[in-house]
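Here's the structure we're looking at; comments come further down.
Labels below follow one simple rule: chain letters A, B, ... track the order of the sequence lines, proteins then strands, and each chain is numbered from 1.
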Amino acid sequence: MRVNGDSAILINGLRKVYESTENGVVALKRADLEVLCGEFFTLLGPSGCGKTTLLRLIAGFEYPTEGEIHLFGKNIANLPPFKRPVNTVFQNYALFPHLTVAENVAFGLQGLKKAKSEVAEIVTEMLEMVHLGHLADRHPDKLSGGQRQRIALARALAPRPEVLLLDEPLSALDLKLRQAMREELKRIQEQTGITFIFVTHDQEEALAMSDRIAVMSEGQIQQIGTPEEIYESPSNQFVANFIGETNLVNIEVVGVNNGTVECSVAEGLILKCTNNHNVVSGDKRTLSIRPENIRFVDPSTSGALPCKLIEKTYIGTDIQYQVALADGVELRLREQNTWRDGKDRCSHALGDELAIDVPVGATQILAD
Amino acid sequence: MSFFKKSTRYEVEQFGGFGIFTLLFFIFLYAPIIILIIFSFNENSSATIWTGFSLDWYRTALENDGLRSSAWNSVFIATVAGGISTIIGTFAALSTSRRAKWKGKKATFGSIMLPLLLPEIVTGVALLAFFSAIGLSIGRGNLIIAHVLFCIPFSYLPIRARLDGMDDSLEQAAMDLYSNEWRAFFKVTLPLLMPGIVSGAMLAFIVSMDNFIISLLVAEAGSTTLPIFIFGMVRMGVTPDVNAVSTLILIVSVAIFSLAHLIERKR
Ligand SMILES: Nc1ncnc2c1ncn2[C@@H]1O[C@H](COP(=O)(O)OP(=O)(O)OP(=O)(O)O)[C@@H](O)[C@H]1O
Ligand SMILES: [Mg+2]
């Protein structure tokens with residue numbers, strides 16, 4: 001019996017070079033990664049960063065150029081796909097058009113040579129789980145996109161794989177349906193307890209659904225962590241920029257005391273932040289400051305930085321401002337557009353001389 | 001709406017005389033065939049003067065032993081050669097469309113298509129010389145070998161087209177769902193490929209039935225095909241029984257095409 005928290009997938013030094021072209025395409029430079037049993041694990045990254053490649057290596061549709069893939073301690077890197085207890089939900093669903101919905105869902109179970117009665121029982125159970133029992137005898141071309149998606153999910157889950165791989169399963173659905181399916185996927189994952197490895201390039205989707213996220217870029221894993229860790233403490237510029245919005249500011253460390261660092265942004269402009277990367281005086285680094293962490297304050301407050309409002313954008317739930325500080329440094333900040341004590345939140349006008357506060361804990365020194 | 005469509009879209013029907021031209025074209029294409037069919041029912045033995053309706057020429061044609069045996073020969077050869085070339089075409093299509101890049105893939109594709117480009121007379125003479133050089137003389141067998149050769153591209157092309165239009169993620173899905181290569185092939189690839197295979201087999205059958213030049217060169221005494229036999233009849237002058245035979249062949253061809261079309265529609 002597998003126990004939650006065991007290592008389900010352990011990947012060591014995985015590398016993939018596609019040899020089809022003259023020089024070969026390095027799709028995966030080197031991946032090291034551990035996915036725990038029962039986890040909802042997400043691979044997140046921009047188009048072409050190697051997410052699908054990594055997933056296909058785990059599924060067995062591609063073989064690695066180098067490296068190992070362990071599934072519960074067993075190296076599966078060179079097994080064909082039909083010998084791996086891992087199933088895939090394809091991006092285009094890949095439902096068999098010549099088979100009915102029920103036959104589609106039964107396909108994997110028949111491949112495992114299960115008894116007829118057991119197959120029928122599991123098929124019914126799976127179709128019930130995705131609320132599509134009434135469509136058992138239809139053909140896939142007579143289903144809607146959302147229904148196909150659920151059948152693809154039921155088909156991949158029916159053989160009870162040790163790990164389920166999902167390659168951007170929601171990307172073909174419209175916004176409303178996508179949000180409904182997110183919850184549905186989460187519910188099914190919790191209900192079955194199966195480990196999910198989910199691929200997406202949609203950061204909101206990743207943050208909302210995952211237990212842990214691996215952020216990828218250019219064939220490399222940039223950071224692995226919980227949604228909070230990824231968002232609150234991005235480890236490098238790529239992650240900080242890719243997840244959410246941020247201000248990236250080049251600084252020089254001018255003073256370190258008691259875990260707090262003083263960073264010089266420009267002549268006479270000092271920001272304070274926590275020393276999470278053990279920097280020393282004289283280091284040149286990049287700082288990430290989330291726009292929602294900066295506030296307008298009364299100019300007389302201690303530590304307030306004077307600035308001038310140069311741009312204001314109304315985006316419904318928020319109002320986004322661009323301010324210029326000393327020496328041409330610009331920062332973006334956001335305020336929630338809430339009604340508070342009758343005070344008009346949009347009262348600042350372009351060109352106003354204002355002041356902002358950047359709290360010590362709200363800035364992150366990035367590792368370069 | 002239709003106002004805008006008419007004035008902004010560039011339609012070929014807008015050219016003057018387009019309708020007349022189309023009509024003339026179809027007359028040019030089908031008039032000889034229609035005349036052939038009509039005169040196959042002529043009472044008289046003339047191929048140009050209509051005197052009255054009769055089915056005599058059909059009886060004459062069907063009672064002709066040489067015609068019957070050569071027709072049977074042709075059907076037999078077309079079935080066997082069409083079948084063999086379809087099997088070969090299927091495997092060829094699978095290995096050129098589904099297997100990863102391998103050395104000589106392009107050259108293989110080229111050599112499969114080559115019989116289409118070679119003049120038939122060249123293929124025929126080469127086969128004749130080859131058969132006599134190795135002393136192969138197995139009657140219909142020689143014809144079957146020759147027909148397989150030029151039928152392969154015709155059965156290969158529709159199968160290849162079908163495979164190329166088929167997403168290979170379906171086969172991957174089958175493998176993902178615990179099917180080895182064989183199960184994936186028989187449960188997924190083959191059923192989805194069937195319409196292509198049917199078209200390929202039909203094309204091969206008809207091309208084989210139709211072939212004249214290569215058959216004439218390769219055929220040995222006693223293994224005459226239908227086109228060769230009809231050619232022999234025509235040399236004595238066009239009689240209405242030739243018309244009758246041609247009409248029968250036409251009916252069979254149309255029937256085969258319609259049947260295949262219906263089968264494909266049903267899927
Ligand atoms: N079969 C292949 N042959 C050659 N190169 C390939 C092949 N498949 C992918 N690549 C290349 O490998 C790189 C990574 O591709 P991959 O499909 O893994 O990206 P991805 O992160 O899934 O992108 P997307 O979000 O667009 O799906 C790309 O540069 C791509 O062009
Ligand atoms: Mg992809």
task = Let me see the working for A:Thr200 and A:Asp202 under side-chain hydrogen bond (donor to acceptor under 3.5 Å, both in side chains), right down to the final yes or no.
result = CA-CA 5 Å; A:Thr200 181; A:Asp202 180 338; 5.3 Å; no

query = Name the one of A:Lys186, A:Arg182, A:Arg187 that satisfies salt bridge (charged side-chain N to carboxylate O under 4.0 Å, His left out) with A:Glu184?
reply = A:Arg187

query = Any idea which heavy atoms bring B:Glu120 and B:Asn211 closest together, and the distance?
reply = OE1-ND2, 3.1 Å

Contacts of residues 117-152 of chain A with chain B (heavy atom under 4.5 Å) = none

key: Cation over ring face, B:Arg183 and A:Phe107, 6.0 Å, 45°   = yes

request  = Please state whether the rings of B:Phe76 and B:Trp72 are parallel, tilted or perpendicular, taking 30° and 60° as the class boundaries.
outcome  = tilted

ask   = Heavy-atom distance under 4.5 Å between the side chains of B:Leu116 and B:Leu157, does that happen here?
value = yes

ask   = Where on A:Leu95 is there a heavy atom nearer than 4.5 Å to chain B: the side chain, the backbone, both, or neither?
value = backbone

key: A:Gln91 versus chain B, the contacting section by heavy-atom distance below 4.5 Å   = neither

remark   = Cut-off 4.5 Å, heavy atoms of chain A, and the answer for B:Glu171 is neither

remark   = Under 4.5 Å to a heavy atom of chain A? For B:Ala184 that would be neither

ask   = Does atom CZ of B:Phe21 have more than 12 heavy-atom neighbours, drawn from other residues, nucleotides or ligands, at distances under 6.0 Å?
value = no

message = With a 4.5 angstrom heavy-atom cut-off, is it the side chain or the backbone of B:Leu170 that approaches chain A, or both, or neither?
response = both

remark   = So, the part of A:Phe61 with a heavy atom under 4.5 Å from chain B: the answer is side chain

inquiry  = Heavy-atom cut-off 4.5 Å, strictly under: side chain, backbone, both or neither for A:Phe96 against chain B?
reply    = both

key: Interchain contact, A:Arg155 with chain B, by part (heavy-atom threshold 4.5 Å)   = both

ask   = Can any side-chain N or O of A:Asn87 pair as donor or acceptor with the backbone N or O of A:Leu157 at less than 3.5 Å?
value = no

remark   = Ranked by heavy-atom pairs below 4.5 Å to chain B, first place among A:Ala94, A:Pro80, A:Gly60 goes to A:Ala94

message = Using 30° and 60° as the class boundaries, would you call the ring planes of B:Phe185 and B:Trp182 parallel, tilted or perpendicular?
response = perpendicular

request  = Check whether more than 12 heavy atoms from other residues, nucleotides or ligands sit under 6.0 Å from atom NZ of A:Lys29, and answer yes or no.
outcome  = yes

request  = Mark yes or no: A:Lys16 above the aromatic ring of A:Tyr18, with NZ or CZ under 6.0 Å from the six-membered ring centre and no more than 45 degrees from the axis.
outcome  = yes

remark   = When the 4.5 angstrom heavy-atom criterion is applied to B:Asn180 and chain A, the contacting part is both

